[in-house]
Amino acid sequence: MSPTKTGGYAPLQIGLHWLIAALVLFQLVFGESMVEATEAAEEGEAISGADGVLATAHYWVGIAILVLVAMRLLARLRYGAPAPLDENPLVVMAGKAVHALFYLLLVLVPVSGLVAVHLNPEAGEIHQLAKPAFIILIVLHAGAAFYHHFVLRDRTLARMLVPAKAELPPAAR
Ligand code: HEM
Ligand code: HEM
């Protein structure tokens, strides 16, 4: 039986959620080195060693995020997601919208980065919108998770930390 039917996320979904979140934070914190590297390349100037390393890391971490998100979407199709614990339909809709926007950004942002590097530098302008867009969504999303945990005291955050117990097959019961 899928973990969703037992009310939680699969271990793979939880692992990918936190790994991708950590990598996105890395991209947001150190992304400026990529802007420095791009500007220096356009003007034929040298960049510092740290910016060079961080810009290379930005490139490869971004591609890793794209691959991990593809795995995550496949896992989502395979396992689905547990039903929201909130009963207010407007809140449930807002949560689903934020999750869908996250998935959209997680694909569009690395793709626009690749386009900026390999096809058209002007895509860099659009790519840079990643920073405010992700920050707004993360504040809303983490705020909602903490509100569920500390105010409503339900299992919303707990089920993204601990996988649902796989249900025993009928023969083992
Ligand atoms: C989810 C993945 C990614 C996130 C969250 C992200 C985020 C960012 C951020 C925050 C900046 C700096 C913006 C600023 O300081 O205003 C940036 C710049 C940049 N990123 Fe990414 N990035 C990602 C993936 C990629 C990938 C895969 C590539 C290319 C292979 C890439 C290429 C670039 C380039 C070229 C710039 C400089 C743009 C310019 O100067 O016009 N990024 N990115
Ligand atoms: C860049 C950072 C993050 C991204 C991209 C992200 C993305 C997502 C997405 C797309 C989902 C929906 C999963 C699905 O049903 O398919 C989700 C669920 C969840 N996230 Fe995040 N997340 C991030 C950071 C965080 C943080 C910092 C927290 C906690 C403080 C958090 C807590 C949760 C929880 C509790 C759920 C499950 C919601 C539920 O079961 O209804 N996330 N996240």
K.L.:
At what distance, to the nearest 0.5 angstrom, does CG of Leu23 lie from CG of Leu16?
P.N.:
10.5 Å
K.L.:
Can you tell if the side chain of Phe30 reaches within under 4.5 Å of the side chain of His58, non-hydrogen atoms only?
P.N.:
no
K.L.:
Determine whether a donor-acceptor pair (N or O, by modelled atom type, separation under 3.5 Å) exists between the side chain of Trp18 and the backbone of Met160.
P.N.:
yes
K.L.:
Might you point out which heavy atoms bring Gly62 and Pro110 nearest each other, and give the distance in Å?
P.N.:
O-CB, 3.8 Å
K.L.:
I'd like to check Thr156 versus His149 (side-chain heavy atoms, cut-off strictly below 4.5 Å). Are they in contact?
P.N.:
no
K.L.:
Dump the intermediate steps for side-chain contact (heavy atoms from CB on, under 4.5 Å) on Met71 and Leu74, then the final yes or no.
P.N.:
CA-CA 5 Å; Met71 286 170 63; Leu74 289 176; 5.8 Å; no
K.L.:
Any side-chain heavy atom of Leu106 sitting closer than 4.5 Å to one from Ile65?
P.N.:
yes
K.L.:
Do the non-hydrogen side-chain atoms of Ile135 and Lys131 ever get within less than 4.5 Å of each other?
P.N.:
yes
K.L.:
Provide the closest heavy-atom pair for Pro84 versus Lys96 in the form atom of the first, atom of the second, distance.
P.N.:
CG-CE, 4.3 Å
K.L.:
With heavy-atom distances below 4.5 Å as the criterion, would you say the side chains of Phe102 and Ile138 are in contact?
P.N.:
yes
K.L.:
Is it true that atom CD of Glu125 has more than 12 heavy atoms of other residues, nucleotides or ligands lying nearer than 6.0 Å?
P.N.:
no
K.L.:
Closest approach of Leu137 and Val98, non-hydrogen atoms and distance?
P.N.:
CD2-CG1, 4.2 Å
K.L.:
Whether the side chain of Gln13 engages the backbone of Gly80 through a donor-acceptor N/O pair (distance < 3.5 Å, no angle test) should be reported.
P.N.:
yes
K.L.:
If you compare all heavy atoms of Arg159 against all heavy atoms of Ile14, which two are closest, and at what distance to 0.1 Å?
P.N.:
O-CD1, 3.6 Å
K.L.:
Consider only side-chain heavy atoms of I, L, V, M, F, W and Y, link residues closer than 4.5 Å, and tell whether Leu161 and Phe150 are in one cluster.
P.N.:
yes
K.L.:
Looking at every non-hydrogen atom in both residues, tell me the closest pair between Ile47 and Ala40 and how far apart they are.
P.N.:
CG2-CB, 3.2 Å
K.L.:
Where the side chain of His127 meets the backbone of Gly113, is there a donor-acceptor pair that is under 3.5 Å apart?
P.N.:
yes
K.L.:
I'd like to know whether CD of Glu32 has more than 12 heavy-atom contacts from other residues, nucleotides or ligands below 6.0 angstrom.
P.N.:
no
K.L.:
Drop me the distance from Ser112's OG to Glu122's CD, to the nearest 0.5 angstrom.
P.N.:
13.5 Å
K.L.:
Is the ring centre of Tyr59 less than 6.0 Å from the ring centre of His118?
P.N.:
yes
K.L.:
When rounded to the nearest 0.5 angstrom, what is the spacing between CZ in Phe134 and CG in Leu25?
P.N.:
9.5 Å
K.L.:
Give the cluster check for Val111 versus Leu119: same hydrophobic cluster or not, with ILVMFWY residues linked at side-chain heavy-atom distances below 4.5 Å.
P.N.:
yes
K.L.:
Write down the atom of Ile20, the atom of Arg72, and the distance for their closest heavy-atom approach.
P.N.:
CD1-CD, 3.8 Å
K.L.:
Among Thr56, Asp51, Val53, find the one that has a side-chain contact (heavy atoms from CB on, under 4.5 Å) with Ser33.
P.N.:
Asp51
K.L.:
Same hydrophobic cluster for Leu19 and Val61, using side-chain heavy-atom links shorter than 4.5 Å among ILVMFWY?
P.N.:
yes
K.L.:
Under a single-linkage definition using a 4.5 Å side-chain heavy-atom cutoff for Ile, Leu, Val, Met, Phe, Trp and Tyr, are Val92 and Leu140 assigned to the same hydrophobic cluster?
P.N.:
no
K.L.:
From Leu54 CG over to Ser48 OG, what is the distance, rounded to the nearest 0.5 angstrom?
P.N.:
8.0 Å
K.L.:
What orientation do His141 and His17 show, parallel under 30°, tilted 30 to 60°, or perpendicular over 60°?
P.N.:
tilted
K.L.:
Is Leu129 reachable from Leu101 through a run of hydrophobic residues whose side-chain heavy atoms are each under 4.5 Å from the next?
P.N.:
no
K.L.:
Can you tell me how far apart CG (Leu105) and CD1 (Ile136) are? Round to the nearest 0.5 Å.
P.N.:
10.0 Å
K.L.:
Would you indicate whether the side-chain heavy atoms of Pro163 and Tyr9 approach each other to under 4.5 Å?
P.N.:
no
K.L.:
When rounded to the nearest 0.5 angstrom, what is the spacing between CG in Leu85 and CG in Leu157?
P.N.:
11.5 Å
K.L.:
Can you tell me if Phe146 has over 12 outside heavy atoms packed within less than 6.0 Å of its CZ?
P.N.:
no
K.L.:
Check whether any side-chain heavy atom of Tyr103 lies under 4.5 Å from a side-chain heavy atom of Arg76, and answer yes or no.
P.N.:
yes
K.L.:
Got Val117 and Thr38 here, is their nearest side-chain heavy-atom distance under 4.5 Å?
P.N.:
no
K.L.:
Apply side-chain contact (heavy atoms from CB on, under 4.5 Å) to the pair Val24 and Val109, showing each step before the final yes or no.
P.N.:
CA-CA 10 Å; Val24 167; Val109 171; over 6 Å; no
